[in-house]
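The shown structure was predicted, so the numbers you read here are calculated from the model rather than taken from an experiment.
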Amino acid sequence: MNETIVGLDADTQRTLELIGLFVFALSGALLAVRKNYDIVGMGVLAFATACGGGIIRDVMLDDTPPIAFRDLAYLLIPLAATSAVFIGHRAISTHLLGIGAVFDAAGLGLFCVTGTVKALEFGVRPAPAVALGVITAAGGGVLRDVLAQESPAMFRADSVLFSIPAALGATLVALAWKGDWYTGLVGGGAALGVFLLRVGAIYFDWHAPRPRP
């Protein structure tokens, strides 16, 4: 996304976006290692995780072709993450699950903010902008799990909170935007809050409510 987030200069915004891409791509490549995929499978899962949600969002906003196909960095970053995991996964093999979860939480926080802001900048009303923020943050993870032949984590009753933290962060951004008090600090705080809530959910085993059997 090329639009400038209120309160952030263009260089800072791009840096945050690339960090989000990289951490999501790492989580995709790490899952591929767990599934014993080759380097091609690693690259596909890394790209799908990093860019899948943004591609869905851009298509829904009619911002086509999606930024992932217009900006070379959106291809190079997942390739770099794939290379890093391909070379270094042995050193972290005993911690793959935990490290992958942390990367996933970081990407979730960053992308729910940038996805919501982009939707708002395109004139989308706050409620659907929140939905697009969640899609941006969680859509890549769903595509990753489907490609890896796993039930998407965010849909499973035994999985810890995933989409709810993203929805809360996106809602804060939308409310701040509508109230005209959104700044880069608010966006960064929302991303950090989502990250901490997701990590807390993993550590304390928090689950979304479900109906009684």
_Could you work out, with side-chain contact (heavy atoms from CB on, under 4.5 Å) as the rule, every residue matching Leu196, not counting sequence neighbours?_
Leu192
*List the steps, then state whether side-chain contact (heavy atoms from CB on, under 4.5 Å) holds for Phe111 with Leu21.*
CA-CA 9 Å; Phe111 275 19; Leu21 282 173; 3.9 Å; yes
*Each residue besides Leu168 in its hydrophobic cluster should be listed here, by chain and number; the cluster joins Ile, Leu, Val, Met, Phe, Trp and Tyr at side-chain heavy-atom distances under 4.5 Å.*
Leu161, Ile164, Leu197, Tyr203, Phe204, Trp206
*Does one hydrophobic cluster hold both Leu30 and Phe24, with members joined at side-chain heavy-atom distances below 4.5 Å?*
yes
*With a 4.5 Å heavy-atom cut-off, do Leu26 and Val85 have their side chains touching?*
yes
*Do Phe86 and Ser83 have side chains that get closer than 4.5 Å, going by heavy atoms?*
no
*Can you list the steps and then say if Val44 with Leu147 is a side-chain contact (heavy atoms from CB on, under 4.5 Å)?*
CA-CA 9 Å; Val44 170; Leu147 289 172; 4.1 Å; yes
*Only pairs at least two apart or in different chains count here, so list each salt bridge (charged side-chain N to carboxylate O under 4.0 Å, His left out) that has a residue in residues 124-153.*
Lys35-Glu150, Asp104-Arg144
*asked:* For residues 42-51, which residue pairs pass the salt bridge (charged side-chain N to carboxylate O under 4.0 Å, His left out) check, not counting sequence neighbours?
replied: none
_In this structure, would Val40 and Val33 fall into the same cluster of hydrophobic residues linked by side-chain contacts under 4.5 Å?_
yes
_Met42 side, atom CE; Leu79 side, atom CG - distance, nearest 0.5 Å_ = 11.0 Å
*Closest approach of Thr49 and Ser27, non-hydrogen atoms and distance?*
CG2-OG, 3.5 Å
*Among pairs that include at least one residue of residues 162-177, which meet salt bridge (charged side-chain N to carboxylate O under 4.0 Å, His left out), considering only residues two or more places apart or in two chains?*
none
*In this structure, are over 12 heavy atoms from other groups packed under 6.0 Å from Asp180 atom CG?*
no
*Are Arg57 and Asp63 close enough for a salt bridge, meaning some N to O gap below 4.0 Å?*
no
*Distance, nearest 0.5 Å, that separates CD1 of Ile87 from OG1 of Thr82*: 11.0 Å
*Non-hydrogen atoms of Ala50 and Pro78 that approach each other most closely*: CB-CG, 4.2 Å
_Can you confirm whether Val134 sits close enough to Cys112 that some side-chain heavy atom of one is under 4.5 Å from a side-chain heavy atom of the other?_
no
*Hey, does Tyr182 have a side-chain heavy atom less than 4.5 Å from the side chain of Val117?*
yes
_Which atom of Val130 lies closest to which atom of Ala170, heavy atoms considered_ = CG2-O, 3.7 Å
*Could you pull out the closest heavy-atom pair between Ala190 and Val113, with the gap in Å?*
CB-CG2, 3.9 Å
*Can you hop from Ile55 to Leu110 via hydrophobic side chains spaced under 4.5 Å?*
no
_Derivation of the side-chain contact (heavy atoms from CB on, under 4.5 Å) call for Leu132 and Thr116_ = CA-CA 6 Å; Leu132 286 174; Thr116 304; over 6 Å; no
*Heavy-atom closest contact (Ala174 atom, Leu120 atom, distance)*: CA-CD1, 4.0 Å
*In Å and rounded to the nearest 0.5 Å, what is the CD1 to CG distance from Ile77 to Leu18?*
5.0 Å
*Locate the shortest heavy-atom distance separating Cys51 from Tyr74; write the atom from each residue and the value.*
SG-O, 3.5 Å
*Start with the C-alpha gap between Phe22 and Ile19, add the side-chain angles, then the distance that decides, and say whether side-chain contact (heavy atoms from CB on, under 4.5 Å) holds.*
CA-CA 5 Å; Phe22 188 71; Ile19 291 172; 5.7 Å; no
*Side-chain heavy-atom pair Lys118, Val124 within 4.5 angstrom cut-off*: no
*Under the side-chain contact (heavy atoms from CB on, under 4.5 Å) test, residues paired with Leu175 that sit two or more places apart*: Thr171
